[in-house]
Amino acid sequence: MSDTHIQPNTPDATASAEGEDAWPKSVTKVIAGQVKYWRDKRNMSANDLARRTAELGSEVPRSVIANLETGRRESVSVDELLILGAALDVPPLLLLTPVGRITTMRILPGLDAPPWLSRGWIIGARLIDYADSSLQKWREGRRAVVLYDVHRTLVQQYAEVQTRIRRIAADQAHTAPGTSGEQAGRQQRYLQVLVNDLARCLHVLRTHRRTIEQEGFLVPDLPPALTTLLREVEIPEDPAADDWGVALADQSAAEELLLIMRQAQLGRTSDNP
């Protein structure tokens, strides 16, 4: 048998049970194989792993680990899955869905799927087509995940624009006195474009945070400097696509944004989202 898709100490390449009443056992078998694989990879004995779980605050005894790996244990609790993942320094999800190590697994009774797809279903990225599955209900169920993912993307966009603004501002501060007016003008125009982009980011982020709140979810925390910008800087609510620059110029937003950003960054070395 080819071992292209199988590593030592893993379940069979197709980790599915013959009888549907054995489905929970097949799930446990996958987890057991992953625990054994990662324990060996970390050069940990069963005693070492048990000791590490105890250090983390919830011991999984050596006997439990041994019974799990030898197939005498037929179930794994959620808390055990989490603490074993932490003790092995492996995402707990990979103990359940061994991406890249087996070709398929029985993720639900009667339903085999690749670990990558199974992982996607668990984290709300992909729908698995099980009996009477509802795409509409699934989308409703994952709504918070979508809103939070978009929020993170918007914060990252803000951070990227902010970095570019800092660079151009630093360049202006170190511009030699003899710099041509044309070059200085280009820097100023580029700065205005960046401030314009920042204003767009702030507007979209503020609107998105309102949506999260209106849908009844907790609004994610923000880096302190970004919180300050959202609170202090007035951004036009609904300008036409080409009118942001005019609206910002009318309220001297470029200078205001830069000033508040510099104040917010005092004493801070980074502003990572």
Side-chain angles (χ1 to χ4, degrees), residues 1-109 111-126 128 142 145 148-149 152 156 159 220-221 223 269-270 272-273:
M1 178 183 295
S2 169
D3 61 354
T4 302
H5 298 290
I6 305 175
Q7 302 292 339
N9 304 317
T10 67
D12 293 338
T14 301
S16 57
E18 294 181 0
E20 296 314 323
D21 58 341
W23 168 66
K25 296 179 183 178
S26 74
V27 175
T28 303
K29 184 180 179 183
V30 169
I31 297 172
Q34 284 292 90
V35 170
K36 179 68 164 62
Y37 170 78
W38 285 106
R39 183 172 66 74
D40 290 345
K41 198 171 183 65
R42 303 290 190 236
N43 293 317
M44 299 174 73
S45 66
N47 275 328
D48 293 334
L49 182 54
R51 195 159 42 242
R52 180 59 178 147
T53 60
E55 292 172 356
L56 290 170
S58 182
E59 181 180 7
V60 179
R62 180 198 174 284
S63 59
V64 170
I65 295 170
N67 287 336
L68 176 65
E69 293 181 358
T70 56
R72 294 192 296 271
R73 188 96 177 307
E74 298 183 353
S75 64
V76 179
S77 65
V78 174
D79 58 293
E80 288 172 337
L81 180 69
L82 296 175
I83 203 70
L84 286 169
L88 292 165
D89 289 308
V90 174
L93 183 57
L94 288 186
L95 298 183
L96 177 59
T97 57
V99 175
R101 300 200 59 248
I102 60 176
T103 57
T104 188
M105 60 180 294
R106 182 140 294 184
I107 188 61
L108 288 172
L111 179 60
D112 292 344
W116 178 253
L117 178 57
S118 300
R119 168 195 171 277
W121 174 59
I122 292 173
I123 66 173
R126 296 282 301 277
I128 288 183
R142 72 185 291 263
V145 175
Y148 267 57
D149 282 348
R152 177 170 176 78
Q156 289 173 336
D221 292 333
T269 58
S270 65
N272 296 323

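Numbering starts at 1 and runs along the sequence shown.
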I'd like to know if the side chain of Arg142 reaches the main chain of Gly124, judged simply by a donor and an acceptor atom lying under 3.5 Å from each other, with no hydrogens or angles considered.
yes

Would one find more than 12 heavy atoms of other residues, nucleotides or ligands at under 6.0 Å from atom CG of Asp221?
no

Using 0.5 Å steps for rounding, measure from the CG atom of Leu111 to the CZ atom of Arg106.
8.0 Å

Please test Val60 against Leu49 for side chain to side chain contact (heavy atoms under 4.5 Å, CB included), starting from the C-alpha separation and ending with a verdict.
CA-CA 8 Å; Val60 179; Leu49 182 54; over 6 Å; no

Side chains of Ser77 and Asp79: is there a donor and an acceptor less than 3.5 Å apart?
yes

Minimum heavy-atom separation for Ser118 to Ile128, with atom names?
CA-CD1, 4.1 Å

What I'd like to find out is whether the side chain of Ile31 reaches to under 4.5 Å of the side chain of Leu81, using heavy atoms alone.
yes

Between Arg39 and Ala46 the two heavy atoms that sit nearest each other are NH1-N, 3.4 Å

Does a salt bridge link Asp48 with Arg52, judged by any charged N lying under 4.0 Å from a carboxylate O?
no

What's the separation between atom OG1 in Thr28 and atom CH2 in Trp23, rounded to the nearest 0.5 Å?
9.5 Å

Can a donor-acceptor pair be found, under 3.5 Å and without considering hydrogens, that links the side chain of Thr53 to the backbone of Leu84?
no

Shortest non-hydrogen separation from Thr103 to Pro115 and the atoms involved:
O-CD, 3.6 Å

Please collect all side-chain hydrogen bond (donor to acceptor under 3.5 Å, both in side chains) contacts where either partner lies in residues 56-67, sequence neighbours excluded, each pair once.
Asn67-Arg72

CZ of Arg119 to CH2 of Trp116: how many Å apart, nearest 0.5 Å?
4.0 Å

Over all atoms of both residues, closest heavy-atom pair of Pro92 and Gly85:
CG-CA, 4.3 Å

More than 12 foreign heavy atoms under 6.0 Å from CZ of Arg126: is that the case here?
no

Side chains of Val90 and Leu95 in contact at under 4.5 Å (non-hydrogen atoms):
yes

Are any non-hydrogen side-chain atoms of Arg73 and Glu80 less than 4.5 angstrom apart?
yes

Between Leu88 and Met44, is any pair of side-chain heavy atoms under 4.5 Å apart?
yes

Rounded to the nearest 0.5 Å, how far does NZ of Lys29 lie from CG of Leu68?
12.5 Å

Looking only at heavy atoms, what is the nearest atom pair of Arg42 and Asp89, with distance?
NH2-O, 3.1 Å

Side-chain touch Leu108/Trp121, heavy atoms, less than 4.5 angstrom
yes

